[in-house]
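Chain letters run A, B, ... following the sequence lines, proteins first, then strands; residues in each count from 1.
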2 protein chains.
Amino acid sequence: MENKKKSTIKDIAAALGLTPSAVSKALNNHPRISEKTKLAVKEMAVELDYQPNFLSSALRKGKSNLVGVIIPRVNSHFFSSVVENIEKMLNLNGYNIIMTQSNELYAKECQEIDTLLKIQVDGIIASMANETTNLEFYEKIKSRGTELVLFDRGEEELNVDYVGIDDYKSSHLVVDHLVSQNCKRIAHIAGFHHIRIYKERIHGYKDALEKWNLDIQDNWIIESNLRIEDGRQIMQQLLDAPERPDAVYVAGDIAALGALQVLLENNIKVPEEIALVGFSDEPFTSLTQPSISTINQHSDQIGKLAAEAFLNRMSHPKKKTVNRIILEPELIVRQSSKRI
Amino acid sequence: MENKKKSTIKDIAAALGLTPSAVSKALNNHPRISEKTKLAVKEMAVELDYQPNFLSSALRKGKSNLVGVIIPRVNSHFFSSVVENIEKMLNLNGYNIIMTQSNELYAKECQEIDTLLKIQVDGIIASMANETTNLEFYEKIKSRGTELVLFDRGEEELNVDYVGIDDYKSSHLVVDHLVSQNCKRIAHIAGFHHIRIYKERIHGYKDALEKWNLDIQDNWIIESNLRIEDGRQIMQQLLDAPERPDAVYVAGDIAALGALQVLLENNIKVPEEIALVGFSDEPFTSLTQPSISTINQHSDQIGKLAAEAFLNRMSHPKKKTVNRIILEPELIVRQSSKRI
DNA sequence: TATTTTTGTTCCATCGTTTGAACAAATATA
DNA sequence: TATATTTGTTCAAACGATGGAACAAAAATA
């Protein structure tokens, strides 16, 4: 069963009375090899169950055709959908992907970067962990000459290709909608402002409130990791405060779910007493009772575009100009914010 | 910035007036190299920012120190926790892991196996997709001489190391508990019986019913993919039937969540009218209202043990005996089934 | 027919690391 | 002191695939 040691290009050569290099050229469709030999080589390759040795060819060619993808968490529809679409696009172009997750931890992220660089991937497509403020490891990717594309969570200083949505505008969509539903006291369960996307959401939220002449209360902007517990705890905190908001805009769906749980546990009518809007269009948002309004981030598009950005880099290695693609956010109104 | 081309063992050798092989041996702590040179080499390695070339060393050694992990879905706490623990254990032993997901699709699974074999991982640790009935690709792994360890979803015919829980016994725990809560009409939202673990859960469920002299109704055993929609749809089906069950045992937590939603939407009191038990102890089961009783599968242990099984194989390559580790399931009783 | 061009293949060096064998120098044993 | 052993290093051949240069044979052109 395990007796047949893998066959190499040499075995094919020997079987046909050719040289290894002729076989290699035949397999790679070199123009100077006759159709006859090409055919014979390919047939023999099948017969001997030949599998090209990835390691040797990558070593020789200096190219692995592997792309590393780093995402914060894998159990999020947004991220796993982006990865799926990256994979689809890259597979079509002869690349395989290696998916890794940072679990939102800086240390883990650094370790994953090191592993990927060690395996000598041709490029890395990443979305940064919540914890990450030190960009040193991302600089390392660039300095190693490995292509780098960021999506969603990316910092401008890195000066690399980026795909994401307009977070600032998303907040305007949310606030405008809530105002249209007669909400006047809108709180924001935010992500940490050291991350660009969350900073922009906060910024957009404030500007939109100002636009509608609504008060900006600092204790109504609470930053967190946006985990389910964070949503629960912060919602409780908002309920316990002297003045309650009549709407809560949560910068992440999972935290929004936690917030919804607390609202229901406190017998607060959603959306009548407090309206709720999340962010990311995670599948469960349409399944909760009431269903949660949210922002569609176009995960499928983001994945496809990020992969294309990488492929572009590979085919134009000297190109220096950086490409930032910003998609339009889309508000999905569901029960949790539909008052009228 | 990208000017410094990566330095090799040759550069270190040149800088110190040594041969590449001496440097290689020094870096690998060969006993015949003097402490003095070892030190000098290691210092120079740091100075030149030397990174060993994974491809060449893997090629030469015929060993990549990479392990592929294939799981059905990544957005499940059970699987991601198993992976986390596999990774922790393997990292300690000088291995890196490559995580892939099959999305429960046979075709995807085959593709992932091919990719992993191509990259020449030293081993694969996997849990099979729901769809998988053809074991051909798993045979391929074995025939390539790559180590294979299965966990949770694994078939005995493959005759490889396995780590899982006692699924048959799990059903007994669930049924015994429901009976103790005065449930008499227990339905089972099952997984497909072509998958061993689900077959055993069904088997255990039937035997346990029999043990308590309860009727086994065939239309109360409904097999599915156990997605959230499946849970919803089957629960509705059970409610629409002439005779309603007074308890539902669901073979997966996500489907149990779907079932719970439908129960609540129909204003059925849980657990008073219908009790509910899930499977896997996904984190959300403790967050729902009411919280869901479930089975703890010991994901942390499974990951650790699977990794150890692999490491064992690597250190005793000739060993032929197959190791099957079966852990004890643990019932976690929460509100959804606590009637008394 | 002599010369150039094209075609199909072989030759050989290379990617970077590893490893057994060989060898000289230093040290230990007789 | 002669011989055996140990120590530290170099040599050379891999691992498997690749691709430019070289070369002979066939075909095309003069």
Side-chain angles (χ1 to χ4, degrees), chain A residues 4-42 44-45 48-66 94 117-122 144-146, chain B residues 4-42 44-45 48-66 94 117-122 144-146:
Chain A
K4 47 171 165 186
K5 54 188 78 71
K6 19 201 166 271
S7 56
T8 73
I9 222 170
K10 275 186 192 168
D11 301 319
I12 301 179
L16 294 172
L18 286 172
T19 35
S21 74
V23 173
S24 167
K25 288 183 172 111
L27 290 172
N28 290 299
N29 275 317
H30 188 106
R32 294 281 272 279
I33 296 289
S34 70
E35 288 307 319
K36 209 184 67 187
T37 20
K38 277 183 190 170
L39 206 73
V41 165
K42 281 168 189 172
M44 186 54 75
L48 297 182
D49 188 29
Y50 167 74
Q51 300 294 127
N53 184 317
F54 155 77
L55 296 170
S56 60
S57 102
L59 172 60
R60 176 62 228 253
K61 295 202 283 201
K63 187 160 181 308
S64 63
N65 273 46
L66 250 31
L117 288 178
K118 171 181 138 183
I119 301 178
Q120 285 168 265
V121 295
D122 292 338
R144 281 267 191 293
T146 303
Chain B
K4 47 172 164 186
K5 53 189 78 71
K6 19 203 164 270
S7 55
T8 75
I9 223 170
K10 276 185 190 168
D11 301 321
I12 300 178
L16 293 171
L18 285 172
T19 38
S21 74
V23 173
S24 168
K25 288 184 170 121
L27 290 172
N28 289 299
N29 275 316
H30 188 106
R32 294 282 272 280
I33 296 289
S34 69
E35 287 307 319
K36 210 183 68 189
T37 17
K38 278 182 187 168
L39 205 75
V41 165
K42 283 168 186 170
M44 186 55 75
L48 297 181
D49 188 28
Y50 166 74
Q51 301 293 127
N53 184 316
F54 156 76
L55 296 171
S56 58
S57 106
L59 172 60
R60 177 61 231 249
K61 294 201 286 198
K63 186 161 184 305
S64 64
N65 272 48
L66 250 31
L117 288 179
K118 170 182 141 182
I119 302 179
Q120 285 169 265
V121 295
D122 292 339
R144 281 267 190 294
T146 303

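- Distance check: Ser56(A) OG to Lys61(A) NZ gives 9.5 Å after rounding to the nearest 0.5 Å.
- Using a 4.5 Å heavy-atom cutoff, the side chains of Gln120(B) and Asn53(A) are in contact.
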N/O donor-acceptor pairs under 3.5 Å from side chains in residues 11-32 of chain A, not counting sequence neighbours:
unit_1   : atom_1 : unit_2   : atom_2 : d
Asp11(A) : OD2    : Thr8(A)  : N      : 2.7
Asn28(A) : ND2    : Ser24(A) : O      : 2.8
Asn29(A) : OD1    : Lys42(A) : NZ     : 3.1

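- Shown here for Lys6(A) and Arg144(B), the closest heavy-atom pair between the two residues is NZ-O, 3.2 Å.
- Rotation axes derived from the C1' atoms of the five outermost pairs at either end of the helix from dT1(C)-dA30(D) to dA30(C)-dT1(D) lie 50° apart, to the nearest 10°.
- Expressed to the nearest 0.5 Å, how far CG of Leu48(B) lies from CD1 of Ile9(B) amounts to 12.0 Å.
- Here the closest non-hydrogen pair linking Leu66(A) and Phe54(A) is CD2-CZ, 3.5 Å.
- Across residues 27-40 of chain B, Arg32(B), Ile33(B), Ser34(B), Thr37(B) each have a non-hydrogen atom less than 4.0 Å from an atom of DNA chain D (numbered order).
- Bounding nucleotides for the chain B contact on DNA chain C, 5' to 3', at a heavy-atom distance below 4.0 Å, are dC15(C) to dA21(C).
- The salt bridge (charged side-chain N to carboxylate O under 4.0 Å, His left out) test applied to Lys63(B) returns Asp122(B), not counting sequence neighbours.
- Residues forming a side-chain hydrogen bond (donor to acceptor under 3.5 Å, both in side chains) with Lys118(A) (at least two apart in sequence, or on another chain): Asn96(B).
- Nearest heavy-atom pair across Ser64(A) and Ala58(A) is CA-CB, 3.9 Å.
- Across all strands, Tyr50(A) comes closer than 4.0 Å only to sugar-phosphate atoms, never to a base (heavy-atom distances).
- Contacts between residues 18-25 of chain A and DNA chain C, defined by a heavy-atom separation below 4.0 Å, involve Leu18(A), Thr19(A), Ser21(A), Ala22(A), Lys25(A), listed by number.
- A straight line from CD1 of Ile12(B) to C1' of dT10(D) spans 17 Å, rounded to a whole angstrom.
- How far CG of Leu39(B) is from CD1 of Ile33(B): 13.5 Å, rounded to the nearest 0.5 Å.
- Thr146(A) meets the side-chain hydrogen bond (donor to acceptor under 3.5 Å, both in side chains) test with no other residue; sequence neighbours excluded.
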